[in-house]
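Proteins come first, then strands; the chains are lettered A, B, ... in the order of their sequence lines, and each starts at number 1.
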2 protein chains.
Amino acid sequence: MMIFDFFNSINNLSPESQSALAQITIEKTYKKNEVIQNIGSRCKTVYFVKDGCARIFYYKDGNDITEHFSFEHELIVRAESLFTGKPTSKGIQAINKSTIWSIDSESLFKLYDKHHDIERLFRLLFEKEYVNTVKRIESLQFMSAKERYAELLQTTDYIQKIPLKYIASYLGITQVSLSRLRADIR
Amino acid sequence: MMIFDFFNSINNLSPESQSALAQITIEKTYKKNEVIQNIGSRCKTVYFVKDGCARIFYYKDGNDITEHFSFEHELIVRAESLFTGKPTSKGIQAINKSTIWSIDSESLFKLYDKHHDIERLFRLLFEKEYVNTVKRIESLQFMSAKERYAELLQTTDYIQKIPLKYIASYLGITQVSLSRLRADIR
DNA sequence: CAAAACATTTTACAAATGATAAATAATCAT
DNA sequence: ATGATTATTTATCATTTGTAAAATGTTTTG
């Protein structure tokens with residue numbers, strides 16, 4: 001499975017670890033807008049985007065809010081549930097047609113005991129994700145919406161394929177405000 | 001060292017691991033406002049607050065911004081540097097007189113190979129920190145400043161001992177706005 | 001293709017927050 | 001204790017962002 005090229009580039013896995021991990025990894029293609037995990041569930045799956053794009057979303061006062069985007073070879077987990085066992089008010093959705101690798105987290109965490117290299121791999125992956133989250137705080141805390149938008153445009157060209165309404169809430173502003181910003185920039 | 005009561009409550013350590021870890025752990029007391037780590041350094045230390053309170057801060061357009069507070073038994077690290085090896089534009093400062101445990105990170109990471117239980121302990125500690133960071137994004141992204149302030153007041157009574165100017169920037173607003181919010185609430 | 005559904009922009013006005021400056025209040029150092 | 005320094009509040013005005021509603025543009029589907 002192609003995902004191991006990516007994994008091995010982070011932390012090299014023994015053949016045994018690789019085959020143990022392969023047994024709990026599933027590849028699946030989702031349609032545009034298809035919900036991958038519903039709001040209210042417990043997060044028991046670690047996802048990676050093989051191809052396409054997905055988002056983590058929730059509702060606040062009836063409004064759909066995008067908390068996170070994941071693009072090619074990026075992780076998607078609802079950490080506040082995965083690492084606590086509590087249910088989460090967030091869901092996961094494919095934004096466009098996307099192929100996603102899924103790893104059952106309970107099985108994964110069991111492998112940690114036997115396969116030190118798997119524990120290390122996922123430690124490194126989550127550390128990276130933690131760093132991304134800290135960077136996102138920096139931008140939400142004191143950058144203007146315009147600065148945040150400009151920054152987001154830099155991250156990946158794929159942004160062009162994502163509806164503005166998702167981008168607006170991700171930036172912490174309304175769609176109307178984002179539209180205004182864009183008019184301003186031109 | 002008392003820190004091991006705390007560590008063992010997260011993941012039980014073998015006596016060997018405990019003594020290896022004890023050898024790289026230092027306890028030190030800092031004065032009010034004393035800088036623990038300067039801006040611009042590389043983060044090569046994992047800190048825990050034994051007693052008191054510290055903050056992570058940086059300057060944006062000449063303004064002092066508090067990114068993070070840590071209270072009793074909480075971790076302080078500048079993740080964007082610790083996990084990448086890059087220098088950081090953030091510093092660490094004791095807000096009041098505080099006793100802090102420091103663990104040299106290079107030595108710590110070396111212990112991971114020999115002591116699986118230490119790697120696991122710190123994996124769990126950082127996962128917890130990651131979850132906190134995600135929760136902070138939730139609050140910065142779509143809660144009003146007033147809601148964020150109310151939420152912060154709930155977290156710990158120690159907040160009362162922290163200057164408002166630090167709290168304002170932590171909430172992502174100016175000191176003047178925070179003052180207004182407080183007047184409003186009364 | 002055309003109607004329906006969905007997405008984006010525009011407008012007008014309201015509310016929240018920022019910037020600056022000045023007035024008080026609290027704390028610190030000698 | 002007292003003068004100096006630092007912290008907080010208040011006031012005024014400017015800017016940003018929100019809300020609501022309508023106009024325009026785009027995509028989907030029968």
Side-chain angles (χ1 to χ4, degrees), chain A residues 30-35 52-53 55 57 59-66 69 93-98 138-153 158-186, chain B residues 30-35 52-53 55 57 59-66 69 93-98 137 139-153 158-186:
Chain A
Y30 295 87
K31 286 181 287 203
K32 178 171 180 173
N33 293 328
E34 188 172 351
V35 171
C53 168
R55 68 181 188 119
F57 69 102
Y59 291 95
K60 155 120 187 167
D61 305 332
N63 300 309
D64 177 315
I65 295 179
T66 296
F69 292 119
Q93 184 184 27
I95 294 178
N96 294 313
K97 185 184 175 196
S98 304
E138 254 179 78
S139 98
L140 282 170
Q141 198 178 347
F142 260 104
M143 278 167 64
S144 69
K146 198 179 287 182
E147 287 174 297
R148 292 201 293 279
Y149 180 59
E151 189 187 52
L152 183 63
L153 287 181
Y158 203 104
I159 284 294
Q160 310 298 340
K161 296 189 199 160
I162 293 179
L164 281 188
K165 57 176 178 172
Y166 294 159
I167 295 178
S169 69
Y170 180 80
L171 297 173
I173 58 177
T174 61
Q175 207 175 325
V176 174
S177 294
L178 178 55
S179 212
R180 239 181 326 221
L181 287 187
R182 283 158 59 95
D184 237 51
I185 287 167
R186 265 180 260 127
Chain B
Y30 295 87
K31 285 182 288 204
K32 179 173 181 172
N33 293 330
E34 188 172 353
V35 171
C53 168
R55 70 181 188 118
F57 69 102
Y59 291 95
K60 154 121 188 165
D61 306 331
N63 299 311
D64 176 314
I65 295 179
T66 296
F69 292 119
Q93 183 184 29
I95 294 178
N96 294 313
K97 185 185 175 195
S98 304
I137 285 182
S139 98
L140 282 170
Q141 197 178 347
F142 260 105
M143 279 166 63
S144 68
K146 199 180 285 184
E147 288 174 296
R148 291 202 294 279
Y149 180 59
E151 188 187 53
L152 183 63
L153 287 180
Y158 203 103
I159 285 294
Q160 310 298 341
K161 295 188 197 160
I162 294 180
L164 280 189
K165 57 175 177 172
Y166 294 159
I167 294 179
S169 68
Y170 179 80
L171 297 174
I173 56 177
T174 61
Q175 207 174 327
V176 174
S177 294
L178 178 55
S179 213
R180 240 185 322 223
L181 288 186
R182 283 159 57 96
D184 237 50
I185 287 167
R186 266 181 256 127

Between P of dT6(D) and CG of Asp64(B), the distance in whole Å
14 Å
For the pair made of CG in Asn96(A) and P in dC6(C), what is the distance, rounded to whole Å?
17 Å
Along nucleotides 17-23 of chain D, 5' to 3', which nucleotides get a B, which get an S, and which get a -, given that the test is a protein heavy-atom distance under 4.0 Å?
BBBB---
All N/O contacts under 3.5 Å from nucleotides 25-30 of chain C to the protein, with atom names and distances to one decimal?
from: dC28(C); atom 1: OP1; to: Lys32(B); atom 2: NZ; distance (Å): 3.3

Given 3.5 Å as the limit, does a donor-acceptor pair link the side chain of Thr174(B) with the main chain of Ser177(B), or not?
yes
Compute the bend angle of the helix from dC1(C)-dG30(D) to dT30(C)-dA1(D) from the end axes (five pairs per end), rounded to 10°.
50°
Any donor-acceptor pair under 3.5 Å linking the side chain of Ser98(A) with the backbone of Cys53(A)?
yes
Can you list everything that forms a ring-ring contact (aromatic ring centres under 6.0 Å, His included) with Phe69(A)? Sequence neighbours excluded, please.
Tyr170(A)
Taking Gln141(B) for its side chain and Ser169(A) for its backbone only, find out whether a donor-acceptor pair lies under 3.5 Å.
yes
Pairwise side-chain contact, Asp64(A) with Tyr59(A), heavy-atom cut-off 4.5 Å (strictly under):
yes
Contacts of Tyr158(A) meeting ring-ring contact (aromatic ring centres under 6.0 Å, His included) (sequence neighbours excluded), chain-then-number -> Phe71(A)
Can you measure Lys31(A) atom NZ to dT27(D) atom C1' for me and round it to whole angstrom units?
17 Å
Rounded to the Å, how far apart are Asp61(B) CG and dG18(C) C1'?
13 Å
Electrostatic pair Lys60(B):Glu147(A) at N-O distance under 4.0 angstrom:
yes
Tightest non-hydrogen contact, residues Arg148(B) and Leu171(B), listed as NH2-O, 2.6 Å
Nearest-Å distance, NZ (Lys165(B)) to P (dA7(D))?
3 Å
Throw together a table of side-chain donor-acceptor distances under 3.5 angstrom for residues 161-168 of chain B, partners on residues two or more places apart or in other chains.
none

Nearest whole Å is fine: how far is dT8(C) P from Ile162(A) CD1?
11 Å
Looking at CD of Glu151(B) and CE of Met143(B), how far apart are the two atoms once the value is rounded to the nearest 0.5 Å?
4.0 Å
Taking NZ from Lys161(A) and C1' from dT27(D), how many angstroms apart are they, rounded to a whole number?
17 Å
Closest approach of Ile95(A) to Lys32(A) (non-hydrogen atoms, all atoms of both residues)
O-CG, 3.3 Å
Separation of dT16(D) P from Leu140(A) CG (nearest whole Å):
19 Å
